[in-house]
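Here the structure is laid out as C-alpha cells; the discussion comes afterwards.
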Amino acid sequence: MVSAIIVAAGSSRRMGFDKLFTPLGGKPVLWHSLRAFSDRSEIDEILIVTREEQMDAVEKLASSEKLVKVKKVVSGGAERHISVWNGLQAVGAHGSEFIGIHDGARPLTTPKLIKSSLDLARQHGAACVASQIPDTVKRASVEQMVTESVERTGLWAMQTPQFFSSGLILQAYAGLMAMHEMVTDEVSAVQKLGKKIALLKNEDWNFKITFPHDLELAEHVLELRAKKKSRH
C-alpha cells in the first residue's frame, strides 16, 4: 500500500486570499492536487492535513467531488513539521510501504510526475521533485542590500511531492519531535539521519500558489495543457 499525505496547513489567508479554495480552472486549488493523486493507481489512500477551522470545508470538498481515496482529514499544527507529524501518525498504522508528502498549494502536479517520483523513491528509499535554479543568486541584508554572491552550481529548488519509505520518514519525524527540532521540508528531516535523497529533475510547471498573480499563470498552464491534450 502507498499513501499520500496532502499537507494543506498554514495560514491560508496570509497573502490576503484563501489560496486552497480559490477557483482555478473552475475548481478549488486544493482539488487539483487531490485529483492528481486520486488518478494514480499506486495511491491507495489520501490524508489531508489542514487547519482545524478548515476541516469541514475540506471534508465537504472531498465528499462533493467523490474523491473516494481521501480517507481522513487531520488537524494540523502551528508549524509545518507538526502538521506532517500529525499526518504520519494517522497513516503510520496502516502498513504503507511508501508515504508521499505534498503541498496542496501546488495544483499543477501531474499523475505522471507523481509516478516518476514514486518510482525513484522505490529505487533509493527517498525521492523529491526539484528544479535547478537558473537565476543568479545573491545574499542580502535585512535592509535588502546585496552582501554577497551565491554560487548557483549544484543548487536546486525543492518541490513536492516527496516520497519516502514509511519506516524512514516515520523514524526521521520521531527524532525531530523528540528533539523539538523544526524543519521546512521532509528532505531536511531525512537528511538529519544521514540518508541520501534522490532528486527528480522536473522541467514542467509545478509552482506553489503563494500570491494572487500565481493563479493567473496557473490558469494559463492549465489552458496550455488542455490544448495540448486535445491535439492528441
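In this chain, residues are counted from 1 in sequence order.
- With values rounded to the nearest 0.5 angstrom, S166 atom OG is found 11.5 Å from Q171 atom CD.
- In this structure the side chain of R80 reaches within 4.5 angstrom of the side chain of E186, judged on heavy atoms.
- Looking only at side-chain heavy atoms (C-beta outward), L170 and F164 stay at 4.5 Å or farther from each other.
- Residues I133 and I197 are members of separate hydrophobic clusters, defined by side-chain heavy-atom contacts under 4.5 angstrom among Ile, Leu, Val, Met, Phe, Trp and Tyr.
- Under the 3.5 Å distance criterion, the side-chain polar atoms of D135 are left unmatched by any main-chain donor or acceptor of V137.
- S33 contributes a side-chain N or O that, together with a main-chain N or O of R106, makes up a donor-acceptor pair within less than 3.5 Å.
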From CA spacing to verdict: side chain to side chain contact (heavy atoms under 4.5 Å, CB included), I101, I169:
CA-CA 10 Å; I101 292 89; I169 193 64; 4.3 Å; yes
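- Under the 3.5 Å distance criterion, with hydrogens and angles disregarded, a donor-acceptor pair is assigned to the side chains of Q159 and S131.
- More than 12 non-hydrogen atoms from other residues, nucleotides or ligands lie less than 6.0 angstrom from NZ of K71.
- No option in D103, T160, T109 other than T109 meets the side-chain hydrogen bond (donor to acceptor under 3.5 Å, both in side chains) test with N206.
- Under a 3.5 Å cut-off, the side chain of T50 and the backbone N or O of Q54 do not form any donor-acceptor pair.
- Between the side chain of S96 and the main chain of F98, no donor-acceptor pair closer than 3.5 Å is present.
- Under a 4.0 Å N-O distance rule, the pair E59/K72 does not qualify as a salt bridge.
- You'll find the ring centres of F37 and H102 inside the 6.0 Å limit.
- Checking S188 against D185 by side-chain atom types alone, a donor-acceptor pair falls below 3.5 Å.
- Between S75 and N86 there is no side-chain heavy-atom pair separated by less than 4.5 Å.
- With 3.5 Å as the limit, one finds no donor-acceptor pair spanning the side chains of S38 and K69.
- The aromatic rings of F207 and W205 sit perpendicular to each other, their planes meeting at more than 60°, with 30° as the lower class boundary.
- L155 places none of its side-chain heavy atoms less than 4.5 Å from the side chain of Q132.
- In this structure, R225 does not pair ionically with E223, as no charged nitrogen and carboxylate oxygen lie closer than 4.0 Å.
- Formation of a donor-acceptor pair under 3.5 Å by the Q162 side chain with backbone atoms of V187 is found in this model.
- Looking at K60 and D56, no side-chain N of the basic residue comes within less than 4.0 Å of a carboxylate O on the acidic one, giving no salt bridge.
- Considering only heavy atoms from C-beta on, R51 stays 4.5 Å or farther from S83 through its side chain.
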